[in-house]
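Note sheet for the following structure.
Note that these values count all heavy atoms, side chains included, but never hydrogens, waters or copies made by symmetry. In the text below, chain A, chain B and the rest are named by the order of the sequence lines, each starting its count at 1.
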Protein chains: 2
Amino acid sequence: MKEEQRLFEIYLRNKGLKMTSARETVLQAFLRSEGHLSAEDLLAAAKRIDPGLGQATVFRTLKLLADAGLAQDACKDEGPRRYEHVYKHSHHDHLVCVGCGRLIEFCHPQIEKAQNEIFKEFGFRATGHRLELRGLCADCAKTFDLEKE
Amino acid sequence: MKEEQRLFEIYLRNKGLKMTSARETVLQAFLRSEGHLSAEDLLAAAKRIDPGLGQATVFRTLKLLADAGLAQDACKDEGPRRYEHVYKHSHHDHLVCVGCGRLIEFCHPQIEKAQNEIFKEFGFRATGHRLELRGLCADCAKTFDLEKE
DNA sequence: ACATTAAATGATAATGATTATCAATATCAT
DNA sequence: ATGATATTGATAATCATTATCATTTAATGT
Ligand SMILES: [Mn+2]
Ligand SMILES: [Mn+2]
Ligand SMILES: [Zn+2]
Ligand SMILES: [Zn+2]
């Protein structure tokens with residue numbers, strides 16, 4: 001049994017919630033996935049395991065996974081919310097191409113450090129941050145310049 | 001006449017769009033406002049000038065203001081999109097208290113510089129970025145600790 | 001195993017923000 | 001002023017997400 005499943009079970013028990021087959025299905029589907037996926041994506045994946053699974057359960061379970069510290073919502077673009085793995089995945093921020101959607105994950109220790117300074121400066125206790133850089137990747141920049149004339 | 005109104009007129013003309021009384025109303029309401037405001041907020045303010053104004057027009061005009069470079073959407077929390085002024089307002093990022101919603105605007109030159117390095121490193125042409133720090137302000141942290149026991 | 005109790009499920013309706021549609025109206029270059 | 005075209009406000013539609021609720025299921029104690 002995967003560590004993440006064990007963690008989820010412990011989380012549920014501590015909250016007085018139940019481990020159910022529907023939740024197991026969603027968890028399995030999530031664990032097999034990678035990248036940034038929406039509730040809709042996850043529903044499709046989970047239905048391949050259990051076609052009778054309800055959509056509401058996916059939304060509900062994703063919230064639980066986030067609360068349990070296994071998932072978090074990734075980039076905050078337009079469109080549906082997207083989740084990514086947290087467990088054994090180190091922190092990173094996102095660089096996205098507004099042309100083609102290409103996505104690069106990066107981590108810049110100096111920026112992380114500077115953020116902590118800001119929290120301290122204003123007397124805040126940090127709970128999280130989100131940094132998203134947007135631009136045109138090399139390919140899209142080229143295309144864009146050509147289109148201009 | 002305000003500079004921003006002039007800019008908006010030029011923008012509209014260049015796009016083959018028309019300056020209308022509804023757009024003027026929305027622009028006036030926006031110019032008189034400050035901070036981060038939603039379409040709903042702006043509609044309320046604009047209706048004080050012209051009660052007959054339609055809600056759709058506010059959404060439409062906010063998009064135009066953003067495209068014209070006068071407004072941009074600020075923090076990307078939950079809930080409705082919120083816009084803030086751009087013209088003659090220097091760039092900044094946001095530090096928000098997840099407890100009470102308190103909001104601090106800051107700018108950290110080192111972070112800005114580091115971001116440019118990242119764009120360069122991955123061959124991207126920058127078009128924008130969004131940094132949002134979340135935490136508990138001193139007051140809320142205190143309250144939170146007391147509630148814990 | 002069985003009963004008890006509370007939580008979970010899936011279908012469906014409801015919500016909230018935003019966008020699309022459209023007939024009527026307003027703008028503006030000529 | 002005229003005419004082509006953009007805009008308006010009302011309304012319906014959309015999209016992602018939540019709420020509701022009758023039925024099913026899991027956990028716990030016997
Ligand atoms: Mn990621
Ligand atoms: Mn701001
Ligand atoms: Zn690209
Ligand atoms: Zn606070």
Residues B:Lys88 and B:Glu3 bridged, charged N to O under 4.0 Å: yes
A:Thr20 side chain near C:dT9 phosphate (N/O to OP1/OP2, under 4.0 Å): yes
Atom-pair distance (CZ on B:Arg13; P on C:dC28), nearest Å: 8 Å
Length of the line joining B:Asp41:CG and C:dG16:P, which is rounded to integer Å: 16 Å
A:Glu9 CD to C:dA8 C1', straight-line distance once rounded to whole Å: 16 Å
salt_bridge(B:Arg130, B:Asp73) N-O dist < 4.0 Å: yes
Distance, rounded to the nearest Å, where A:Phe8 contributes CZ and C:dA8 contributes P: 10 Å
Flag if over 12 foreign heavy atoms under 6.0 Å of CD, B:Glu40: no
Touch class at under 4.0 angstrom, heavy-atom based, for B:Gly79 against every strand present: nothing
Any donor-acceptor N/O pair, B:Thr127 side chain to A:Arg134 backbone, under 3.5 Å: yes
A:Asp67 side chain vs A:Leu64 backbone, donor-acceptor pair below 3.5 Å: no
Aromatic ring proximity A:His129/A:Phe119, centre distance under 6.0 Å: no
Selected nucleotide, minimal atom distance to B:Leu53 side chain, candidates D:dG9, D:dT7, D:dA26: D:dG9
Nearest-angstrom distance from the residue atom CD of A:Gln55 to P of C:dT9: 14 Å
Sub-4.0 Å heavy-atom contacts from residues 56-70 of chain B onto DNA chain C, ordered by number: B:Phe59, B:Arg60, B:Lys63
Check: C:dA6 base within 3.5 Å donor-acceptor of A:Lys18 side chain: yes
Protein-nucleotide distance (A:Lys15, atom NZ; C:dA8, atom C1'), rounded to Å: 16 Å
Separation of atom CG in A:Leu17 from atom C1' in D:dA27, rounded to whole Å: 12 Å
Nearest-nucleotide pick for A:Arg81, side chain only, options being C:dA17, C:dT9, D:dT17: D:dT17
B:Asp50 CG to D:dT7 C1', straight-line distance once rounded to whole Å: 14 Å
Residue A:Pro80, side-chain atoms from C-beta onward, closest of C:dA17, C:dT27, D:dA16: D:dA16
Basic-acidic side-chain contact under 4.0 Å: A:Arg81, B:Glu78: yes
OP1 or OP2 of C:dT9 under 4.0 Å from side-chain N/O of A:Arg23: yes
